[in-house]
Amino acid sequence: MNNETTVCITEIMYTNEFSMLPKNNVGTTTGGNNVHWCARQDVAFQEQLVSFINNNEFLDVCATDGCIREGAWC
Amino acid sequence: MYRGKGDPNHTSYLNKQDGFSTSGTILFYVDGIKESQGIGYNKTSRIVGPSEIELSITSESVTLLIDLESRTLVPHFAEIDYLDEERPLVIVQAAKSLEHNKRYAVALVDAADLDGNKLKPSEYLIRLLDEDDSRTLPEKERRRGSYYHNTILPHLYNAAPWLGDDSTIQILFDFHTASVDGQLGNTRKIVEGSVNVVTDEHWGGWGDHNVRVLDVINDDMCLENGNDVGKIVHAEIDVPSFLMGSNGREKMLNMDDIRRGYTTNTSPFKIVIVIPCSLTRGTMPLRAVVDYGHGFLYSRKELLDTIFLHKLANREGYIMLASNWRGMCHLDLGLIIRAFVAEPNLLESLQANIMQGYGFKAAIQHFVRTHLLSMDFMNVKLGEEDADNVRFLFYGISQGGILGSAYTSLMSHSGILDGSIVSSSGTPLSLLMSRSTVFKAYQALLLMSLHNNRQVRIFVSFLQMTFDAIDGPMVGLAGKEDRFHDGEFKTLIQAGIGDPVVTTIGTGKTCANRDAFKDVILLVCVAPSGYYTHMTMNLLNSRLSFHYKKQWHEITTHQYFQAIQRKFMESHQ
């Protein structure tokens, strides 16, 4: 068995936008937000992306609450 | 369900499948359950939603999903469907995709109406569940009743020992899931066949006979202030094709070629290559060649429009390239609209195109890995040391991540792709569709041929049977016996909680399905708290490290489920 980590998931919490999402199975009817666009450009995500591409390493970018954003402004 | 003019077209192609979807939504309804919000007769049980999946295998849940082979309950969540409030449904969704070629049953037990009275099962189910009465049914239904009495009910009571003689079963049905080969075989054969063809001596390698440069743009682009792109190359490459038929996008799979895993047919396929200034000027070493997967029904042009990727590539020394997702790019929109409005049988072509799209990308990746850097039009000078260090990866966002999960699962053992990054994506599509902001337009299209939103929901549920063959984690699951175990191919998954386009509930399910790779360790860096995050963690069922409330925790959710189940078993003894 190989114990090397081969899959890493990282989620960034966008607090304002998350609180506005409907809690049922139907999408928001009050318009969207920018999370879909901002997440890919987030500094933490890009740092993790670069580390993975360059070194094949998963960087923990969420330590000390590094994955919480008040809102998606990008 | 069809309300259009003329005779309806049928999705009869689904009958070729040998079982039901392994990840689709399970639907039913009993009058009164919407009004009571699925509360149980005992006032403590209820329909358990995605934020409390761990309760779905306990007496807290009025819905039960039973694995009829292992005689155990399957973690799931259930919801009242809000797509059509006048014609509601209950949606049951397994926490992770069901296993292939296996029999399951669904039960609703002891749910109450708004007044606290038990909901009434149908007269027919009452007869079926009555051992004496069921003997008076027609032969076929009598056998069904016998199967219920002799197999399903004993398994149900074994799996849920808190049920007793006073329990009322209000819904009960069983189904068999599709086999691995029936569901995913063609997709795997196309990708593996494509790689086999281009590595065969008859292919003749890559060169002027099958690679054509259409345009090169490099007119001092780097001189412009702030420009990150040094050169753009548009090229067309002949790649193996397992499609047949000449009528636009209405292609079908050539099953003879797929069966023998080889084709002599080719199709021209376009790519765009972006080389940053740091590489054209030689101020950075080439670190990686990244294939970018574009978003929903867009095209390879997205790479040219995505400035942050140009900056990243320039800063780090990446060549980036992109091609269209065959089946899910702007050129496919017409077929999708026709399929949704009036011709659902065209979804078979949509599926065939997406499958072939993975094959196209696989062939292109072989070209990129083995020949791109040495092509004259690239003019990239690499020393031996640099060439050995260049990594070849895939990076897909949104739809690019959804389809990319499937594509890279299939490529993970090929040796020509080193890893993948999937961002803002998830699975399954039937779970994500109605939650997405982009769904409204497609809902409107569907309502041109369907009478109401309940039928839309049913259609979307069936649609998953089409998507199973090309849905990322499912394709990965099919390879669990021989893939992802070498510890070399890695996948980075990124998602933003609060995303209204691809909600992270689907990201959670992607991870849940990844746990099929038993030896894989998931490194989870989730932000504290949150509805979908909670679900994500609940879904994970592997050796798990997760960062929560500023601490690293080591636990498996399988252990968690077991602990919960044990607790309730003990409380009911």
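In what follows, chains are A, B, ... by sequence order, proteins preceding strands, each numbered from 1.
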Most chain A-contacting option - heavy-atom pairs closer than 4.5 Å, from B:D81, B:L83, B:I80: B:D81
Hey, could you give me the [atom1]/[atom2] distance between [X] and [Y], rounded to the nearest 0.5 Å?
X     : Y      : atom1 : atom2 : answer
A:R69 : B:I497 : CZ    : CD1   : 11.5 Å
A:N33 : B:D499 : CG    : CG    : 7.0 Å
A:D42 : B:Q494 : CG    : CD    : 8.5 Å

Looking at [Y], is its backbone amide N or carbonyl O close enough to the side chain of [X] to form a donor-acceptor pair, meaning the two atoms are under 3.5 Å apart?
X      : Y      : result
A:N54  : B:E316 : no
B:R391 : A:I53  : yes
B:K490 : A:N56  : yes

Could you check if a side-chain atom of [X] sits within less than 4.5 angstrom of a side-chain atom of [Y], using non-hydrogen atoms only?
X      : Y     : value
B:L312 : A:V50 : yes
B:P500 : A:L21 : yes
B:S398 : A:H36 : yes
B:I421 : A:L49 : yes

Test side chain to side chain contact (heavy atoms under 4.5 Å, CB included) on A:F45 and B:L492; report intermediate values, then the result. CA-CA 10 Å; A:F45 270 173; B:L492 173 63; over 6 Å; no
Interchain contact, [X] with chain A, by part (heavy-atom threshold 4.5 Å):
X      : answer
B:Y82  : both
B:V438 : neither
B:I91  : side chain
B:I397 : side chain

Atom CD of residue position A:E70 - does it have more than 12 heavy atoms of other residues, nucleotides or ligands inside 6.0 Å? no
Full working for side chain to side chain contact (heavy atoms under 4.5 Å, CB included) between B:Y395 and A:R40: CA-CA 11 Å; B:Y395 178 28; A:R40 67 193 68 175; 4.2 Å; yes
Go through the steps to decide whether A:F52 and B:L393 satisfy the test side chain to side chain contact (heavy atoms under 4.5 Å, CB included), and finish with yes or no. CA-CA 10 Å; A:F52 181 67; B:L393 298 111; 3.8 Å; yes
